[in-house]
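One structure is given below, encoded as structure tokens.
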There are 2 protein chains.
Amino acid sequence: MRSYGQYCSIARGLDVIGDRWTLLIVRELLLQGPSRFTELKRGLPGVATNLLSTRLKELEAAGLITREDAPPPIATALYQLSESGHALQPVLKEIGLWGLRFMVDERPDDAFQAQWLAYAPAWFTTDAEPDGPPAVIQLVADGELAVIELRNGRVHTRLGRATDPDLTLEGPPRSVLGLLTGKIDLDLATQLGLTATGRLDLLPRLRPVAQQPA
Amino acid sequence: MRSYGQYCSIARGLDVIGDRWTLLIVRELLLQGPSRFTELKRGLPGVATNLLSTRLKELEAAGLITREDAPPPIATALYQLSESGHALQPVLKEIGLWGLRFMVDERPDDAFQAQWLAYAPAWFTTDAEPDGPPAVIQLVADGELAVIELRNGRVHTRLGRATDPDLTLEGPPRSVLGLLTGKIDLDLATQLGLTATGRLDLLPRLRPVAQQPA
DNA sequence: CCGGATCCTCATTGATACTG
DNA sequence: CAGTATCAATGAGGATCCGG
């Protein structure tokens, strides 16, 4: 990216992360950990391979990621975030929190992946009853599976299926995510196609984090 | 901007704010308040007028700013942030905080303006002695003037000159900002050309805010 | 002068095909 | 699998022009 040429930390930050796809690549590396080229490509539907390749080189040159060749038997390179790259997590959190306001409208062609189902509760909710007993919530949206685990006052998430969930939320992505992030209530979520099975009393434990007032 | 086509709040947020110049326009409106076209252009050295015009229309269409025609005698339009636009402040703060790491190197051709001198201490420092007596620090960098006022446990800043500052910091931008944001110490700042006059004991009261650990 | 609109040129991005 | 090469389409940057 061409520099803005301004001695301002916002402009200089954007010089590095302002390019198209750059922050989404960082998102994937944050959510998935060290990844191979093809894994990144899968997590970034729509990216052209040449562009992904270019961005990875730029990110490496800027010190945000490191590229590690796997030991000889395997011919595959691993990309992972450096400390600088990892430090972008708060930036992504704030963008994601702000971006929630655009999640209510439906766009049938949007891609949807389990990682994006998983990070939302982990980043955008807290356990309102931190000393409460552990609980497990199964999420199912658009065929993608994720699990929320409330434990030790923290909201953990992981991909996949839980063995014995206390509550299961299944429905279109915006009904599940809208409910979890507090953008819509249970009635509306149900109208949008959500099915909630199990201990509905667990829902109030997920408290959406509020945006800081200005 | 072309949509990323992903049902993810980060991607959807970036659909709106990911275009070149967009976040810097928001920065100017946050720092300057309601502004006219020409004021924005002045605060955004390097932007082409057609691009600024295009972005303002896009921002208005996205609901981030409102455009208000001044009463008939004057033919000037005022742009200001809507609630949605204002809600981007935390995003800009995190980007700016992250971007501080790139401020240590010097690029002689970078533009520099007083607003950028002023927002850094206000956003990136806190008063380490919130119950201490009020104090006033004059900043001078590259001919740009700003004032820090420590009062009621808050770090206020404004542009211009203070009448009777307790401390004056004068030097190249990176020496002043590097010292204030904790990226360099007083010795190094002095080597970089900083002159500090007055109550140096006030410096420790400006505590750089730490980046959240991952 | 203010607030843009138009036009032109160059740089970036996107889609797809291809290679070690 | 992990990219590179190619080329078309889009976007940015810069200069100029125009109506109030």
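Just so we're clear, the structure is a prediction, and the values are computed from it rather than from any experiment. Quick note on labels: first sequence line is chain A, next is B, and so on, each numbered from 1.
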Discussion item. Closest-nucleotide mapping onto DNA chain D: is A:Asn50 or A:Leu56 further toward the 5' terminus? I mean the 5' end.
Written reply: A:Leu56
Is [X] close enough to [N] that one of its side-chain N or O atoms is under 4.0 Å from OP1 or OP2 there?
{"X": "A:Thr38", "N": "D:dA2", "value": "yes"}
{"X": "B:Arg42", "N": "C:dC2", "value": "no"}
{"X": "A:Thr49", "N": "D:dG3", "value": "no"}
{"X": "A:Tyr4", "N": "D:dG13", "value": "no"}
{"X": "A:Lys57", "N": "D:dT4", "value": "yes"}

Measure [atom1]/[X] against [atom2]/[N] and give the value in whole Å, please.
{"X": "B:Met1", "N": "C:dG14", "atom1": "CE", "atom2": "P", "result": "8 Å"}
{"X": "A:Leu51", "N": "D:dA9", "atom1": "CG", "atom2": "C1'", "result": "14 Å"}
{"X": "B:Lys41", "N": "C:dC2", "atom1": "NZ", "atom2": "P", "result": "11 Å"}
{"X": "A:Phe37", "N": "C:dG20", "atom1": "CZ", "atom2": "P", "result": "17 Å"}
{"X": "A:Glu60", "N": "D:dG3", "atom1": "CD", "atom2": "P", "result": "10 Å"}

Would you say the side chain of [Y] lies within less than 4.5 Å of the side chain of [X], judging by non-hydrogen atoms?
{"X": "B:Gln6", "Y": "A:Pro45", "result": "yes"}
{"X": "B:Met103", "Y": "B:Arg174", "result": "no"}
{"X": "B:Trp116", "Y": "B:Leu31", "result": "yes"}
{"X": "B:Ile137", "Y": "B:Asp166", "result": "no"}
{"X": "B:Tyr79", "Y": "B:Glu68", "result": "no"}

Response to the item:
Closest to the 5' end of DNA chain C, once B:Tyr79 and B:Arg2 are matched to their nearest nucleotides, is B:Tyr79
Worksheet item: Charged N to carboxylate O below 4.0 Å: is that the case for B:Asp105 and A:Arg12?
Response: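 Here B:Asp105 pairs with A:Arg12 in a salt bridge, since their nearest N and O are under 4.0 Å apart.
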Discussion item. One thing to verify: whether A:Arg42 and A:Glu39 come together as a salt bridge, which I'm taking to mean a side-chain N less than 4.0 angstrom from a carboxylate O.
Written reply: no
From [options], pick the nucleotide closest to the side chain of [X]?
{"X": "B:Arg67", "options": "C:dG4, D:dG13, C:dG14", "result": "C:dG4"}
{"X": "B:Ala48", "options": "D:dA2, D:dG14, D:dA5", "result": "D:dG14"}
{"X": "A:Ser53", "options": "D:dG3, D:dG14, C:dG4", "result": "D:dG3"}

Worksheet item: Base, sugar-phosphate, or nothing: which does A:Arg55 touch, judged by heavy atoms less than 4.0 Å apart?
Response: sugar-phosphate
Worksheet entry | Exceeds 12 heavy-atom contacts within 6.0 angstrom, atom CZ of B:Arg158 |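 More than 12 within 6.0 Å, yes.
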Worksheet item: Has B:Arg161 got more than 12 heavy atoms of other residues, nucleotides or ligands less than 6.0 Å from its CZ?
Response: no
Worksheet item: When you measure from every atom of DNA chain C, which of residues 12-30 of chain B have a heavy atom less than 4.0 Å away?
Response: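 The answer is none.
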Fill in: the helix from C:dC1-D:dG20 to C:dG20-D:dC1: angle between end helix axes, five pairs per end, rounded to 10 degrees
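Roughly 20°, once rounded to the nearest ten degrees.
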Worksheet item: Checking salt bridge (charged side-chain N to carboxylate O under 4.0 Å, His left out) against A:Asp15, which of B:Arg107, B:Arg101, B:Arg20 comes through?
Response: B:Arg107
